[in-house]
Amino acid sequence: MKIFIIRYSTRVCDEGVPSAFPSGDAPIVSLRPDSSLLTGGRPFFVPDTLGRVMAERALAARICRLGKSIPVRFAHRYYDALTVGIVFTAADLQERLRAAGQPDDLATGFDGSVYVGEWMAVPTGAHRPSPLTLLDEALAYVSRTMTLKTGDLLLLLTGNEPWEVHIGDHMEEWMEDRKVVEFNCK
């Protein structure tokens, strides 16, 4: 399983989701190992050796079929469920690695660094919310260079300001009228 983290470096629209990237301005894609996945209400253990830990909200999609070079107009056929995700980053370690010119994989891919909530069916109908349109564009972009497989996860960061995580924090996130994320930080 692959876990794709997608970040847009451009504007943010009304729903708090980055607007579609203009031609030539591609999203930033990073991968996380499958050991970074945390689900089912299990607690997030704040790593005491990594320094300050930051969290960001994401819209998560579960890939349901094999695909490569997927056109944007068909991208919605390749995910069957959505939820809220929370992506954790060891900010102090990331700053040190970047200052040394090294990749920041150790600061982003540690065990439990991606929390995925309870899955919900994808909304259907003629009106698709703009976050789903943006998700379709991101999926199509990633599929140009990597094959998407059943069970892969795509997390689209929402562009909200990251917040610092502390031991004792309680995380809750809602999607529509349903609580999909609830866990404690220890």
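For the single chain, residues carry numbers from 1 onward in sequence order. Atom set for the values below is all heavy atoms of this structure, side chains included, hydrogens, waters and symmetry mates excluded.
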Do the non-hydrogen side-chain atoms of [X] and [Y] ever get within less than 4.5 Å of each other?
X: V181; Y: W174; value: no
X: Y79; Y: D152; value: no
X: M1; Y: L37; value: yes
X: I167; Y: F45; value: no
X: L148; Y: I70; value: yes
X: L31; Y: I3; value: no
X: L82; Y: M120; value: no
X: L155; Y: I6; value: no

Enumerate donor-acceptor pairs with a distance under 3.5 Å from any side-chain N or O in residues 49-60 to protein atoms, sequence neighbours excluded.
unit_1, atom_1, unit_2, atom_2, d
R52, NE, D92, OD1, 3.2
R52, NH2, D92, OD1, 3.1
R52, NH2, E95, OE2, 3.1
E56, OE1, R7, NH1, 3.0
E56, OE2, R7, NH2, 2.8
R57, NE, E173, OE1, 3.0
R57, NE, E173, OE2, 2.7
R57, NH2, E173, OE2, 3.2

- Item | Those residues that, when tested against H166, pass side-chain hydrogen bond (donor to acceptor under 3.5 Å, both in side chains) (two or more places apart) | none

- Test side-chain hydrogen bond (donor to acceptor under 3.5 Å, both in side chains) applied to R73 - qualifying residues, sequence neighbours left out: none

- Aromatic Y78 / basic R65 pairing, under 6.0 angstrom, 45° off normal: yes

- Message: I'd like to know whether T108 forms a side-chain contact (heavy atoms from CB on, under 4.5 Å) with Q94, so could you lay out the CA-CA distance, the side-chain angles of the two residues, the decisive distance to 0.1 Å, and finally the verdict.
- Response: CA-CA 8 Å; T108 58; Q94 185 178 45; 4.0 Å; yes

- Note on the structure: So the side-chain hydrogen bond (donor to acceptor under 3.5 Å, both in side chains) pairs with at least one residue in residues 34-46 (sequence neighbours excluded) are S35-D111

- Return each pair, listed once, that meets salt bridge (charged side-chain N to carboxylate O under 4.0 Å, His left out) where at least one residue sits in residues 161-170; pairs must be two or more places apart or across chains. none

- Message: D104: which residues meet the salt bridge (charged side-chain N to carboxylate O under 4.0 Å, His left out) condition with it, sequence neighbours left out?
- Response: R98

- Excluding sequence neighbours, so at least two apart, what forms salt bridge (charged side-chain N to carboxylate O under 4.0 Å, His left out) with K149? none

- Task: Only counting residues at least two apart or in another chain, list the ones meeting ring pair (Phe, Tyr, Trp, His ring centres under 6.0 Å) with F183.
- Result: Y115

- With F44 via ring pair (Phe, Tyr, Trp, His ring centres under 6.0 Å) - residues at least two apart: F88

Side chain to side chain contact (heavy atoms under 4.5 Å, CB included) partners of [X], counting only residues at least two apart:
X: K68; result: T147
X: C64; result: D80
X: V72; result: D136, E137, A140

- Are V84 and W163 linked, directly or through other ILVMFWY residues, by side chains that come within less than 4.5 angstrom of each other? yes

If every non-hydrogen atom of [X] is compared with every non-hydrogen atom of [Y], which pair is closest and at what distance?
X: Y141; Y: A26; value: OH-CB, 3.3 Å
X: L38; Y: P43; value: CD2-O, 3.7 Å
X: V165; Y: C185; value: CG1-SG, 3.5 Å

- Message: Which residue is it: L139, L153, T150? I am looking for the one with a side chain to side chain contact (heavy atoms under 4.5 Å, CB included) to I63.
- Response: L139

- Checking side-chain contact (heavy atoms from CB on, under 4.5 Å) for the pair E118/R178: CA distance, chi angles, key distance, verdict? CA-CA 9 Å; E118 187 179 327; R178 188 167 142 199; 2.4 Å; yes

- Item | Derivation of the side-chain contact (heavy atoms from CB on, under 4.5 Å) call for F4 and R32 | CA-CA 7 Å; F4 298 95; R32 302 276 174 103; over 6 Å; no

